[in-house]
Protein chains: 2
Amino acid sequence: MANQNVPQATAERLPLYYRTLQRLVTIGKTRISSSEFGDLLQIDSTTIRKDFSYFGALGRKGYGYDTQYLMDFLRKTLYQDELSKVVLIGVGHLGTALLNHNFQKNNNTKIVKAYDVDPKKIGTEVSGTKIYAMNELATDDNSDITAAILTVPVAHAQEAAEMALASGIHGFLNFSPTVLSLPSHAYVRHVDMTVELQALIYFLNHSMEERNSD
Amino acid sequence: MANQNVPQATAERLPLYYRTLQRLVTIGKTRISSSEFGDLLQIDSTTIRKDFSYFGALGRKGYGYDTQYLMDFLRKTLYQDELSKVVLIGVGHLGTALLNHNFQKNNNTKIVKAYDVDPKKIGTEVSGTKIYAMNELATDDNSDITAAILTVPVAHAQEAAEMALASGIHGFLNFSPTVLSLPSHAYVRHVDMTVELQALIYFLNHSMEERNSD
DNA sequence: TCACTTTTGTTAAATAGTTCACAATCTAAT
DNA sequence: ATTAGATTGTGAACTATTTAACAAAAGTGA
């Protein structure tokens, strides 16, 4: 049913559209035009219309989009109708921040358990999520788990990912500053804060230069 | 001197190249070919050669690239020769994780101070970084600060960004799940973990479908 | 109902980014 | 020195993404 030819760039914007629509519905906004939505998100309105067009005609000419309808459609498209279970590996500060973040509320995604090496943490709970010993990971059956969030020190990221893969997990959100080397049936997304900060500083410096020299 | 026509996509890869080269130099690797570098980073070797070519001829035919030379070149290009000062706004778990992360070691970037609203935190230090009261932010002179890392709750992100802007900060790394609305002389990068997790789940589900239906 | 405005959905054009293909040229080994 | 092999740097082709332009359709209000 769903179109397989949705461009990557479009697919990556869907979660942002979805969350923004949730906000709009909450504040009681029932309709929105592509241009108003675009102003809000700082995305060109044509891009937004084109993105939606990959899924068929979701709006009405002369009217715009029904926020509730669009939100419901995106929820289905993003598979947010069924709960996605994820595990968190590495309960440091970043891991704790993610455990405290209520993914379930807006995304129908739940961190069902966490793993850590620290004996003081094992057996305790953070925000209602129980922490298990890291060495159980490789032997657990996690085939019902959609993805693992990796927040371990960089030196252990590859090893932890391999254990998670062995336990049946195929999706990874990697926060460690290293490129994971995994078989092709694994899918990895990489969030690298150091790289983001460096990129920010690079662009700041270069846009300043442009202004000075032009 | 530096080329202004470096594509955005290239510029965004430079920090990754730089960090990887640091690792290679550390383990004593003195030369690398674009194909070996590409295998390591999971980036096509042509893309790597083309990226470097925007800065001139950095390699040697039949030999490859000198890791030390390339790293030094990128350090200069990324303005890592001079220390970049940043501030952190919002000392929750995520903020604390970032304060504990030693940006200075690899990136010549230092979080020089932090702001928070919690009276219990104000005046204390986390990882050697002193925490100041949020209401000092608007009146402080932060014109020597390159960027602000925003790790405040979503409801206060816009307000905090405006105060930081008023204090003289123009660059923002925003971790709050909201689009900031700031004047055009501000530059914002957005890291949204919720969006990343949702995008991961979307891609996982759709690549599975493809495999089943093909 | 009619005239006029709004806004979508879409084709086509423009821009950006990646990959191919290969000449040029350097290395390395004899 | 010579030669075989390696590897860069780069135009050209290709692919992906964004933006422009506008006809078609629906809304709005008299």
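Just so it is clear: chains get the letters A, B, ... in the order the sequence lines come, proteins before strands, and each one is counted from 1. Only a predicted model underlies this, so the values are computations on that prediction, with no experimental measurement involved.
- For C:dT19, one of the phosphate oxygens OP1 or OP2 lies less than 4.0 angstrom from a side-chain nitrogen or oxygen of B:Thr47.
- Taking the six-membered ring wherever Trp is involved, the centroid distance between the rings of B:Phe73 and B:Phe52 does not fall below 6.0 Å.
- Among D:dA20, D:dT18, D:dT10, the nucleotide with an atom closest to any side-chain atom of B:Ser53 is D:dT10.
- Comparing atom distances between the B:Lys50 side chain and each of D:dT10, D:dG27, D:dT7 picks out D:dT10 as nearest.
- Within 4.0 Å of A:Arg49, counting heavy atoms only, lies at least one base atom of the nucleic acid.
- Counting any heavy atom pair closer than 4.0 Å across all strands shown, A:Ser34 reaches sugar-phosphate atoms only and no base atom.
- Looking at the side chain of A:Thr46, the nearest of the listed nucleotides C:dG17, C:dT10, C:dC26 is C:dT10.
- The listed nucleotides are C:dG17, D:dT18, D:dA20; the one nearest the side chain of A:Arg13 is D:dT18.
- Proximity of a side-chain donor or acceptor of B:Thr47 to a complementary backbone N or O of B:Ile43 within less than 3.5 Å is not detected.
- Looking at heavy atoms from C-beta onward, B:Arg23 lies in side-chain contact with A:Thr178 at the 4.5 angstrom threshold.
- Across all strands shown, B:Ser33 has heavy atoms under 4.0 Å from sugar-phosphate atoms exclusively, and none from any base.
- In this structure, B:Arg31 reaches the C:dA28 phosphate: one of its side-chain N or O atoms is under 4.0 Å from OP1 or OP2.
- Checking C:dC26, D:dT17, D:dT7 against every side-chain atom of A:Pro7, the shortest atom distance belongs to D:dT17.
- For the atom pair A:His170 NE2 and A:Phe172 CZ, the distance stands at 8.5 Å (nearest 0.5 Å).
- Side-chain atoms of B:Tyr65 lie closest to D:dT8 of the nucleotides D:dT8, C:dG17, C:dT27.
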